[in-house]
Visitor: 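Below you will find the structure I want to go over with you.
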Amino acid sequence: MNVFYTNANDLKNKISELRIVAKTSGCKVLGITETKFSSEILDAEVSVPDFTLYRVDRLTGEGGGSCLYVHNSVQSHEIPINVPDCTCVILKFDSIDIAIFVVYRASSLGLSKCQSMVDQLSTAINNLGPDKEHIIMGDFNLPDVSWDLGVVKCPIDTKNQNFLIQQLFLDFFAKHDLTWLISDSVKTRVRKVLTQIQSATLDNVLTSDVNIFQEIQTTPPLGKSDHVGIISKWKISNDDEYVTTAKKNWTKIDSSDLLKLAEPLKWTSENALAADLWDLIHSNAKLISESVPVVKTSVNRSGVLKSSSAWDRPSLLKARKNKEKAWASFESSPTSSNLNIALSQQGIFERKQQQAMILYENKAAAKIKTNPKAFYSYMNSKRKIRAAISCLSTVDGEIINSAKGIANELGAFFESTFVKEDTETPLPTLEH
């Protein structure tokens, strides 16, 4: 599914072009900031055919505002979040629910109002619960943020409100485990001031699950806006062929069973040519392989095998890399400074790991009715004592070691506990 976002800088006079974008790009969701709509503008005036419009207009003053257009083929409903210039809509799909936010932060907004904005957004995300993924598209106006490093380019002890505001938003992203998809190399706003060209990465797309996104690219601005468009491709369906891959599980077959399968096969050839012998061995091995049980391995939406820890997330993986890098630096140069850095990165990683585990457990518990397998699989993985039957002794004193023999013996025992009904004798006729 394709999703479009841009800062339109007044959508009223660009609505015709947006309708063309919707028709030609195949996008199912259109997110716009700085719509500059007022209550005097009717929905019909700024409608897009076959799309439902959700809009939040600035109530006082001019400018600002945001909106979302959602195609009628996508089930959606708006969530009022009481955040100025911000729109929130829930998109419901067969395998996932996504809360999509369109956020505009005016550059003139002071520190106290930005703090209030961040607090309200945090409350909105928390109220949605752990069973929904979150995607935020918007113009945050953070010109001094290095998106590659995830830091504000400013002195450590700065008192500058502009820098503090930008750090406030970075802290908000980290708190909710949001990963940004636009890097420093992509300039989302380009404008000419007098004779100079100014460019900055002011717009971004953030997500709680990077595996939703398959591709992201920029497009030309709408009309005379100085912000580029951003089209992202989402993977929102989990078809069986995509989610699972099958492989042979050789550990589930006994060596005795393998020998029985191989015994009747012909392993010699009158023709001594190596190619013919190889073909014979290959065909026999294929026949044996067909009898080996198959196990399915889960992958994420990007087709990559899931990591060993169910709660692994991009921010946690990044923290683990930073920790390993810090300890490697200490080993190569064991100074007190490098030790303090390594211990600090170790602490950051452990806190993020704890947060990720809690977040995963909350999500698993919230989805217990719709996906009980994930919940009980996780609970089973936390068991410290695991009992396994290594062998059985039959009533005749025979010791059974093979998994198949143990299963057959247990099955026979459980079968003996049930009463076998006589199905051959006809039932008696009862008088009325």
Side-chain angles (χ1 to χ4, degrees), residues 1-5 26-29 31 70 74-76 88-102 125 128-138 147-148 150 173-183 186 204-218 230-247 296-322 349 352-353 355-367 370-371 373-375 377-378 381:
M1 184 181 82
N2 291 341
V3 176
F4 175 80
Y5 161 78
C27 290
K28 299 296 185 183
V29 178
V70 181
V74 179
Q75 187 178 351
S76 63
C88 177
V89 172
I90 302 294
L91 308 178
K92 297 185 71 66
F93 303 98
D94 291 339
S95 59
I96 189 173
D97 288 356
I98 298 175
I100 181 169
F101 295 78
V102 176
I125 290 176
L128 290 171
D131 60 328
K132 295 180 178 63
E133 301 297 345
H134 311 115
I135 294 175
I136 301 179
M137 310 186 299
W147 297 102
D148 291 342
F173 301 152
K175 176 183 177 182
H176 293 283
D177 204 20
L178 297 169
T179 302
W180 47 84
L181 305 178
I182 304 294
S183 61
V186 181
N204 219 313
V205 178
L206 302 104
T207 176
S208 60
D209 184 0
V210 293
N211 297 313
I212 293 175
F213 289 81
Q214 293 183 303
E215 183 183 338
I216 192 162
Q217 62 184 9
T218 58
I230 299 172
I231 292 183
S232 54
K233 185 177 181 181
W234 296 8
K235 175 67 180 178
I236 44 84
S237 61
N238 284 342
D239 51 284
D240 293 340
E241 183 180 355
Y242 188 84
V243 171
T244 58
T245 57
K247 68 176 183 179
K296 290 184 177 181
T297 56
S298 298
V299 299
N300 60 29
R301 287 186 176 81
S302 299
V304 180
L305 284 173
K306 286 185 177 178
S307 53
S308 56
S309 297
W311 51 83
D312 273 356
R313 303 188 69 80
S315 61
L316 180 59
L317 296 176
K318 185 177 180 180
R320 182 183 292 127
K321 288 181 181 178
N322 291 340
F349 167 72
K352 283 189 175 293
Q353 185 180 45
Q355 292 169 0
M357 288 176 63
I358 293 172
L359 181 63
Y360 176 80
E361 290 172 352
N362 288 339
K363 284 189 174 183
K367 294 181 179 179
T370 57
N371 188 14
K373 186 176 180 180
F375 176 81
S377 175
Y378 174 71
S381 70

Visitor: Side chains of Trp147 and Ile182, heavy atoms from C-beta outward: is any pair under 4.5 Å?
Guide: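 Heavy-atom side-chain distance check fails, nothing below 4.5 Å.
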
Visitor: Heavy atoms only: give me the nearest Ala319-Lys352 pair and the separation to one decimal.
Guide: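 Where Ala319 meets Lys352 most closely, the heavy atoms are CB-CD, 3.6 Å.
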
Visitor: Mind checking side-chain hydrogen bond (donor to acceptor under 3.5 Å, both in side chains) for Glu361 and listing every partner two or more places apart, or none if nothing turns up?
Guide: Tyr378

Visitor: According to side-chain hydrogen bond (donor to acceptor under 3.5 Å, both in side chains), who are the partners of Lys92, at least two apart in sequence or on a separate chain?
Guide: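 With neighbours one apart ignored, the set is Asp97.
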
Visitor: Quick one: does Thr207's side chain get under 4.5 Å of Phe213's, heavy atoms only?
Guide: yes

Visitor: With a 6.0 Å cut-off (strictly less than), is the heavy-atom count around CG of Asp94, excluding the residue itself, greater than 12?
Guide: no

Visitor: Where is the tightest heavy-atom contact between Phe4 and Met137, given as atom of each residue plus distance?
Guide: O-CE, 4.2 Å

Visitor: Taking the side chain as everything from C-beta on, heavy atoms only, tell me whether Val29 gets closer than 4.5 Å to Val74.
Guide: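 No, every pair of side-chain atoms sits at 4.5 Å or beyond.
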
Visitor: Rounded to the nearest 0.5 Å, how far does OG of Ser232 lie from CE of Met1?
Guide: 8.0 Å

Visitor: Determine, stepwise, if the pair Ile231 / Ile216 fulfils side chain to side chain contact (heavy atoms under 4.5 Å, CB included).
Guide: CA-CA 6 Å; Ile231 292 183; Ile216 192 162; over 6 Å; no

Visitor: Nearest 0.5 Å, please: how far is OG in Ser76 from CD1 in Ile100?
Guide: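 Reported to 0.5 Å precision, the distance equals 10.5 Å.
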
Visitor: So, does Asp148 use its side chain to make a donor-acceptor pair with the main chain of Ser183 at under 3.5 Å?
Guide: no

Visitor: Compare all side-chain heavy atoms of Phe93 with those of Gln75 and state whether any distance is below 4.5 angstrom.
Guide: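 No, too far: nothing below the 4.5 Å cut-off.
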
Visitor: Just so I know, are the side chains of Leu206 and Ile135 near enough to count as touching, which here means a heavy-atom distance under 4.5 Å?
Guide: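 No, side chains not in contact.
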
Visitor: Can you check side chain to side chain contact (heavy atoms under 4.5 Å, CB included) on Val205 and Trp180, steps first, answer last?
Guide: CA-CA 6 Å; Val205 178; Trp180 47 84; over 6 Å; no

Visitor: Assess whether side chain to side chain contact (heavy atoms under 4.5 Å, CB included) is satisfied between Ile90 and Ile98, documenting all intermediate values.
Guide: CA-CA 6 Å; Ile90 302 294; Ile98 298 175; over 6 Å; no

Visitor: Of all residues at least two apart in sequence or in a different chain, which pass the ring pair (Phe, Tyr, Trp, His ring centres under 6.0 Å) check with Phe173?
Guide: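 Testing Phe173 for ring pair (Phe, Tyr, Trp, His ring centres under 6.0 Å), a comparison that skips the adjacent residues, returns Phe140.
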
Visitor: What verdict does the side chain to side chain contact (heavy atoms under 4.5 Å, CB included) test give for Ile212 and Ile96, after you've listed the backbone C-alpha separation in whole Å, the side-chain angles of each residue and the deciding distance to 0.1 Å?
Guide: CA-CA 10 Å; Ile212 293 175; Ile96 189 173; 3.9 Å; yes

Visitor: May I ask you to test the Cys27-Val3 pair for a side-chain heavy-atom distance under 4.5 Å?
Guide: no

Visitor: Is it true that Glu215 and Lys235 make a salt bridge, defined as a side-chain N closer than 4.0 Å to a carboxylate O?
Guide: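 Judged by the 4.0 Å cut-off on N to carboxylate O distance, Glu215 and Lys235 do not form a salt bridge.
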
Visitor: For the OH atom of Tyr5 and the CG atom of Asn204, what is their distance to the nearest 0.5 Å?
Guide: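 Between Tyr5 OH and Asn204 CG, I get 9.5 Å after rounding to 0.5 Å.
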
Visitor: Can you check whether Gln214's main-chain N or O pairs, donor with acceptor, with Trp234's side chain at less than 3.5 Å?
Guide: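 No.
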
Visitor: Rounded to the nearest 0.5 Å, what's the gap from NZ on Lys132 to CD1 on Ile125? Could you check?
Guide: 13.0 Å

Visitor: Identify the heavy atoms of Gly26 and Asn2 that sit nearest to each other, and give their distance.
Guide: O-CB, 4.2 Å

